[in-house]
Amino acid sequence: MDCLFCKIVNGDIPSTKVYEDEKVLAFRDINPQAPTHILVIPKEHIPSVDGINADNSAVVAHIFECIPKIAAAEGLTNGYRVVSNCGDDACQSVKHLHFHILGGKQLADTMA
Ligand code: DGP
């Protein structure tokens, strides 16, 4: 499968990892939109939020257990935003489920 984030999981493309376990990888976004901008992904290939189902949702729950730990490790004590773009209208550019963690500054109060 020609998936950029699967290649990062496999180590074929380098990344700056901030967290890893058997199911999840988190690494710094190559084009940060905030002082802290981390992508949290399942190691298994799920194309987007639209691909979450009863068979794979446990990893999504696990991701959301990891996110507060990653945010704390990054020192995001004053809050942060978690975003997942799904599909073309949301400008999803990498078709592997990922959650952006954005923080380290006062973020805009608009979402779109
Ligand atoms: P999205 O637009 O929601 O699909 O976000 C994809 C993000 O992936 C975008 O913020 C930039 C980031 N990205 C794209 N290619 C790479 C890469 O090769 N390495 C890293 N670390 N991030 C990447």
Side-chain angles (χ1 to χ4, degrees):
M1 188 181 300
D2 190 24
C3 169
L4 177 65
F5 286 175
C6 285
K7 289 177 182 171
I8 286 177
V9 169
N10 293 334
D12 297 332
I13 293 176
S15 66
T16 305
K17 296 178 187 177
V18 299
Y19 176 83
E20 182 172 18
D21 64 28
E22 68 279 5
K23 296 176 190 162
V24 167
L25 179 65
F27 53 95
R28 297 197 189 282
D29 195 290
I30 204 168
N31 182 26
Q33 307 288 314
T36 300
H37 187 169
I38 292 166
L39 302 172
V40 190
I41 70 171
K43 288 188 171 179
E44 70 179 280
H45 184 83
I46 301 171
S48 73
V49 168
D50 263 352
I52 299 170
N53 56 46
D55 292 332
N56 62 24
S57 60
V59 72
V60 180
H62 182 59
I63 284 171
F64 275 83
E65 292 172 8
C66 295
I67 284 172
K69 297 175 187 170
I70 295 166
E74 291 290 318
L76 300 178
T77 56
N78 204 41
Y80 55 92
R81 182 169 288 157
V82 179
V83 175
S84 189
N85 295 318
C86 178
D88 291 342
D89 276 5
C91 303
Q92 182 186 2
S93 60
V94 180
K95 309 302 191 204
H96 182 126
L97 179 65
H98 52 282
F99 296 91
H100 300 255
I101 301 174
L102 296 148
K105 69 171 185 178
Q106 177 64 63
L107 300 170
D109 65 358
T110 53
M111 297 281 263

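Just so you know, these numbers use all the heavy atoms, side chains as well, and skip hydrogens, waters and symmetry mates.
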In one Ile/Leu/Val/Met/Phe/Trp/Tyr side-chain cluster, 4.5 Å: [X], [Y]:
| X | Y | result |
| --- | --- | --- |
| Val82 | Val18 | yes |
| Ile70 | Val59 | yes |
| Phe64 | Val83 | no |

- Would you sort out whether Asp2 and Lys7 count as a side chain to side chain contact (heavy atoms under 4.5 Å, CB included), showing the intermediate values? CA-CA 8 Å; Asp2 190 24; Lys7 289 177 182 171; 2.7 Å; yes
Spatial distance of atom [atom1] ([X]) from atom [atom2] ([Y]) [nearest 0.5 Å]:
| X | Y | atom1 | atom2 | value |
| --- | --- | --- | --- | --- |
| Gln106 | Asn78 | CD | CG | 7.5 Å |
| His37 | Glu74 | NE2 | CD | 12.0 Å |
| His45 | Cys3 | NE2 | SG | 5.0 Å |
| Ile13 | Phe27 | CD1 | CZ | 9.5 Å |

Closest approach of [X] and [Y], non-hydrogen atoms and distance?
| X | Y | answer |
| --- | --- | --- |
| Gln92 | Ser48 | OE1-CB, 3.4 Å |
| Ile41 | Ile63 | C-CD1, 4.0 Å |
| Pro42 | Ile46 | CG-CD1, 4.2 Å |
| Leu107 | Arg81 | CD1-CB, 3.5 Å |
| Ala34 | Gly103 | CB-O, 3.6 Å |
| Ser84 | Leu97 | OG-CD1, 3.9 Å |

- Task: Using a strict cut-off of less than 4.0 Å between a Lys/Arg side-chain nitrogen and an Asp/Glu carboxylate oxygen, indicate whether Glu20 and Lys43 qualify as a salt bridge.
- Result: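 Judged by the 4.0 Å cut-off on N to carboxylate O distance, Glu20 and Lys43 do form a salt bridge.
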Non-hydrogen side-chain atoms of [X] and [Y] separated by less than 4.5 Å:
| X | Y | answer |
| --- | --- | --- |
| Asp21 | His62 | yes |
| Asp50 | Cys86 | yes |
| Lys95 | Leu4 | no |
| Ile101 | Leu76 | yes |
| Leu39 | Ser15 | no |
| Tyr80 | Ile67 | yes |

- Give the ring-plane orientation class for His98 versus Phe5, where under 30° counts as parallel, over 60° as perpendicular and anything between as tilted.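 Because their plane-to-plane angle is over 60°, the rings of His98 and Phe5 count as perpendicular.
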- Item | Backbone of Gly51 reached by a side-chain donor or acceptor of Asn56 within 3.5 Å |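 Pair found, side chain donor or acceptor close to backbone of Gly51.
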- Without swapping roles, check the side chain of Asn10 against the backbone of Asp12 for a donor-acceptor pair under 3.5 Å.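 Checking the backbone N and O of Asp12 against the side chain of Asn10, no donor-acceptor pair under 3.5 Å is found.
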